[in-house]
Amino acid sequence: MKVLVIQGPNLNLLGEREEELYGGATLEEINFELEEVGKQLGVEVFSFQSNHEGEIVDVIQGAPVEEYEAIIINPAAYTHTSVAIRDALLAVRLPYYEVHISNIFAREEFRQRSLISDGASGIVTGFGTVGYTLALQGVSRHLDIQ
Ligand code: DQA
């Protein structure tokens, strides 16, 4: 199984950005852990981060050609604003899983609305950066039984 992990804007700053909200792990550490857990699960993980909406759209559009079976995405601030990312996710018809490090429903009102949640196969929010691992484990089991 191949899974694409997409990280949105400012997540390249993990480890130094608002640590009280997002924790101390860097993106590199998260990617390493996902690869390791992926190996245990028999899942090939490819991780991608961008600060640019159009680049994220391009990578989502390319996912079926690259033969990914699922997408795990934390669109970061684009969660709350990007119709383009929503449309791309719906267009490619791959199951996708939404991850947020913080609990977006316990934060400012503008963060409590996600433009992608209604199409997501699953959502993990508020577990810190462990949420990525939980999502990968969830995806592997979820797709296995479907
Ligand atoms: C976030 C929550 C978003 O509101 C915020 O813009 C982020 C990170 C999270 O993982 O908790 O950049 O997606």
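What you see is a predicted model; the values in this text were computed from it and never measured. Every number for a ligand or one of its atoms is a count from 1 in the order of the listing.
Contact between Pro64 and Gln61 at its shortest, heavy atoms only, is CD-O, 3.3 Å.
Residue-environment remark: CD (Glu69) exceeds the threshold of 12 foreign heavy atoms within 6.0 Å. Glu67 CD: 12 or fewer foreign heavy atoms inside a 6.0 Å radius. Within a 6.0 Å radius of CZ in Arg113, no more than 12 heavy atoms belonging to other residues, nucleotides or ligands are found.
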Are there any N/O pairs under 3.5 Å between ligand 1 and the protein, and if so, what are their distances?
{"unit_1": "ligand 1", "atom_1": "4 (O)", "unit_2": "His80", "atom_2": "NE2", "d": "2.7"}
{"unit_1": "ligand 1", "atom_1": "4 (O)", "unit_2": "Arg111", "atom_2": "NH1", "d": "2.9"}
{"unit_1": "ligand 1", "atom_1": "6 (O)", "unit_2": "Ala77", "atom_2": "N", "d": "3.2"}
{"unit_1": "ligand 1", "atom_1": "6 (O)", "unit_2": "Arg111", "atom_2": "NH1", "d": "3.0"}
{"unit_1": "ligand 1", "atom_1": "10 (O)", "unit_2": "Asn74", "atom_2": "ND2", "d": "2.8"}
{"unit_1": "ligand 1", "atom_1": "10 (O)", "unit_2": "Ile101", "atom_2": "N", "d": "2.7"}
{"unit_1": "ligand 1", "atom_1": "11 (O)", "unit_2": "Ile101", "atom_2": "N", "d": "3.3"}
{"unit_1": "ligand 1", "atom_1": "11 (O)", "unit_2": "Ser102", "atom_2": "N", "d": "2.9"}
{"unit_1": "ligand 1", "atom_1": "11 (O)", "unit_2": "Ser102", "atom_2": "OG", "d": "2.5"}
{"unit_1": "ligand 1", "atom_1": "12 (O)", "unit_2": "Arg17", "atom_2": "NH1", "d": "3.2"}
{"unit_1": "ligand 1", "atom_1": "12 (O)", "unit_2": "Arg17", "atom_2": "NH2", "d": "3.0"}
{"unit_1": "ligand 1", "atom_1": "13 (O)", "unit_2": "Asn74", "atom_2": "OD1", "d": "2.9"}
{"unit_1": "ligand 1", "atom_1": "13 (O)", "unit_2": "His100", "atom_2": "ND1", "d": "2.9"}

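Rounding to the nearest 0.5 Å places CG of Asn10 at 9.0 Å from CD of Glu18.
Proximity of Leu136 to Leu41: side-chain heavy atoms (C-beta onward) are separated by under 4.5 Å at one or more points.
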